[in-house]
Amino acid sequence: MNDKEQAISVISRYMDLLRIKAAQDKDTEIENQICETKAQLEALGIVVENLVIK
């Protein structure tokens, strides 16, 4: 990942956090973002079932 790609990634993450903060229904916004990110990871061949935080 080059510098520009890394910057775009971090800006995207920052915008996601701002959307969560501004959302009227934070739980729904979080679920929407998880769904989108899961689809992106699966499109790259990454299995997400093992990615858990306890």
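Numbers for residues simply follow the sequence, beginning at 1.
- Under the 4.5 Å side-chain criterion, counting only non-hydrogen atoms from C-beta, N32 is not in contact with I34.
- Counted within 6.0 Å of NZ on K26, heavy atoms from surrounding residues, nucleotides or ligands total more than 12; the atom is thus considered enclosed.
- Each of L51, V52, N50 was checked for a side chain to side chain contact (heavy atoms under 4.5 Å, CB included) with V48, and the lone residue meeting it is L51.
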Side-chain polar contacts of residues 6-20 - donor-acceptor pairs under 3.5 angstrom, sequence neighbours left out - could you list them?
unit_1: D16; atom_1: OD1; unit_2: R19; atom_2: NH1; d: 3.3
unit_1: D16; atom_1: OD1; unit_2: R19; atom_2: NH2; d: 2.8
unit_1: R19; atom_1: NE; unit_2: E29; atom_2: OE2; d: 3.3

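- With hydrogens and angles ignored, the 3.5 Å screen pairs a side-chain donor or acceptor of E5 with a backbone N or O of N2.
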